[in-house]
Asker: 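Please find one structure pasted underneath; my questions will follow.
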Amino acid sequence: LLRPTVYSGETPCALACHHREVVLVPDLAVGQFAGSFWTDHGFHTFVTQPLQYRGMLLGSINLAAREQRAFSQREREL
């Protein structure tokens, strides 16, 4: 099944790469990411970290969980 075009600014990992910072979404079903690939597959919490080497963006590492989860300040700093 083909999905509609997704523009880079419309995904958490694209936002992380664009701004070069961690993006944490406690519940994908609420807000701009509702109806995304991740919510369609039952995921709620999403964390993405851009990967850089000497200022050059290489990509991102993404973690998703099926349960909604809040993160402590200490966890956010890791």
Asker: On a heavy-atom basis, which atom in Ala16 and which in Pro50 lie closest, and how many Å separate them?
Answerer: O-CG, 3.5 Å

Asker: Please enumerate all residues that pass side-chain hydrogen bond (donor to acceptor under 3.5 Å, both in side chains) together with Thr45, with sequence neighbours excluded.
Answerer: none

Asker: When the side chains of residues 17-31 are checked against the rest of the protein, which donor-acceptor pairs come out under 3.5 Å, sequence neighbours left out?
Answerer:
residue : atom : partner : partner atom : Å
Arg20   : NH1  : Cys17   : O            : 2.6
Asp27   : OD1  : Ala29   : N            : 3.1
Asp27   : OD1  : His44   : ND1          : 3.0

Asker: Applying salt bridge (charged side-chain N to carboxylate O under 4.0 Å, His left out), which residue pairs with at least one partner in residues 55-73 are found, sequence neighbours left out?
Answerer: Arg69-Glu75

Asker: With heavy-atom distances below 4.5 Å as the criterion, would you say the side chains of Phe71 and Val47 are in contact?
Answerer: yes

Asker: Within the 4.5 Å heavy-atom criterion, are Ile61 and Thr48 side-chain neighbours or not?
Answerer: no

Asker: Is there any ring-ring contact (aromatic ring centres under 6.0 Å, His included) pair reaching into residues 45-69, and which pairs are they, with sequence neighbours excluded?
Answerer: Trp38-Phe46

Asker: Taking transitive links into account, so neighbours of neighbours count too, which hydrophobic residues share a cluster with Leu57 at under 4.5 Å side-chain distance?
Answerer: none

